There are 2 protein chains.
Amino acid sequence: MMISTKGRYALRFLVDVAEHQAESFVPLRDVAERQGISEKYLEIIVKELVKGGELEAMRGKGGGYRLNRPPEEYSVRSVLERMEGPLAPVACLGPGQKPCPRQADCRTLTLWQGLDRVISDYLAEFTLADLCGERPESAVTR
Amino acid sequence: MMISTKGRYALRFLVDVAEHQAESFVPLRDVAERQGISEKYLEIIVKELVKGGELEAMRGKGGGYRLNRPPEEYSVRSVLERMEGPLAPVACLGPGQKPCPRQADCRTLTLWQGLDRVISDYLAEFTLADLCGERPESAVTR
DNA sequence: CTATAAACCTACTTTGTCAATAGGAATAAT
DNA sequence: ATTATTCCTATTGACAAAGTAGGTTTATAG
């Protein structure tokens, strides 16, 4: 399984906020309830989103979260990368990786590079705005 | 990291056998040495390939392994699936998964289905024959 | 028929990550 | 002052990944 709950929950959190932030801040508790995710666990995830500058937080009564930018400016790929770390399908492609000593003779490097590319490109195509209101029935083949 | 050593080593093992099986069986020890992989660990991996009908094994002196079919008939996807299990990027897409209760309202299902598709399609394009002799320098953009 | 080289088999270990849980401290509105 | 919220630190249990250890069986060569 390539995408963990961290990435998946983060995406669901952001979409939920996008859909409910009309006027006011959206409290974590509400999102957790709507999405059926543990509050405490969501906190950990949301903390990273705040630190990463994806979310604005407001403390105290009446507080909560809202997006820092319009939903079209959140690519799914960037959100997932923030939560999961590099999405490279194999370790040797990770950023800041010292090149593997067998690289010059590797039969599979090209394969993995291509895989990395198709994944990356696919995920970069989508933004939060694409996900908002999305439902399986209304699925459009892209 | 989506592809573990099991899948990666299996692929490298099969390619190595494909490249060396001209006449005789290829002993595991030789592959392990050439590929710089622990013999004992490779054993575990190879056992699954034999059980899965990908490899023919011959015991005793002069024994070793050879492919059961021509290299063009081994898709990378099928090899990886045998070793890694389902390649689905999220659990809810795995085969024989009971549908998630939130499915009807899920904003991300379509996203994951599409991701699963591009990964699957990409990996199905390649066979062992494509990997044999492959080297990064000779990389061809597909 | 014995030595050797190979596959085969069962079990164990170590390490790390995932997915939470627990319990509170700081802050803002009413 | 009360309440509703975010923020912070620490801990836990389960599981899998990656590898190790030590032996048994089978075929070939001399």
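What you see is a predicted model; the values in this text were computed from it and never measured. Proteins get letters first, then strands, A, B, ... in listed order; numbering begins at 1 in each. For the numbers below, each heavy atom of this structure counts, side chains included, while hydrogens, waters and symmetry mates do not.
Side-chain N/O atoms of Tyr9(B) include one lying less than 4.0 angstrom from OP1 or OP2 on dG19(D). Regarding contacts with the backbone of dC8(C), a side-chain N or O of Tyr65(B) is found under 4.0 angstrom from either OP1 or OP2. Close to dC18(C), at under 4.0 Å from its OP1 or OP2, lies no side-chain N or O of Thr5(A). For Ser4(A), no side-chain nitrogen or oxygen approaches OP1 or OP2 of dT17(C) to under 4.0 Å.
Judged by atom type and distance alone, Lys40(A) reaches the base of dG23(C) through a side-chain donor-acceptor pair under 3.5 Å.
Under a 3.5 Å cut-off, the side chain of Tyr74(A) and the backbone N or O of Asn68(A) do form a donor-acceptor pair.
If you take CD of Glu39(B) and C1' of dA5(C), they are 11 Å apart, rounded to a whole angstrom. When rounded to the nearest whole Å, the span between CG of Leu42(B) and C1' of dC8(C) equals 15 Å. At whole-Å resolution of the value, CD1 in Ile3(B) and P in dA18(D) are 11 Å apart. As a whole-Å value, the separation of Leu55(B) CG from dC8(C) C1' is 14 Å. Distance OH (Tyr41(B)) to C1' (dT14(C)): 13 Å, rounded to an integer number of Å. Taking atom CZ on Arg59(A) and atom C1' on dG24(C), their separation rounds to 13 Å, with Å as the unit. In this structure, Glu43(A) atom CD and dA4(D) atom C1' are separated by 13 Å, rounded to whole Å. Here dT24(D) presents its C1' atom at 14 Å from NZ of Lys47(B), a figure rounded to the nearest Å.
Residues Asp16(A) and Gln35(A) bring a donor and an acceptor atom of their side chains to less than 3.5 Å of each other.
Both Ile44(B) and Arg29(B) lie near DNA chain C, and the one whose nearest nucleotide falls closer to the 5' end is Arg29(B). Residues Val50(A) and Lys61(A) each lie close to DNA chain D; by heavy-atom proximity, the contact nearer the 5' end of the strand is made by Lys61(A).
Arg77(B) has no carboxylate O lying under 4.0 Å from a charged side-chain N of Glu125(B), or vice versa, which leaves the two without a salt bridge.
For Pro89(A) against Asp116(A), the heavy-atom pair with the smallest separation is CD-OD1, 3.5 Å.
Residues Leu14(B) and Val17(B) fail the side-chain proximity criterion, which asks for heavy atoms closer than 4.5 Å.
As judged by a 4.0 angstrom heavy-atom cut-off over every strand, Gly64(B) is placed among residues touching the sugar-phosphate backbone only.
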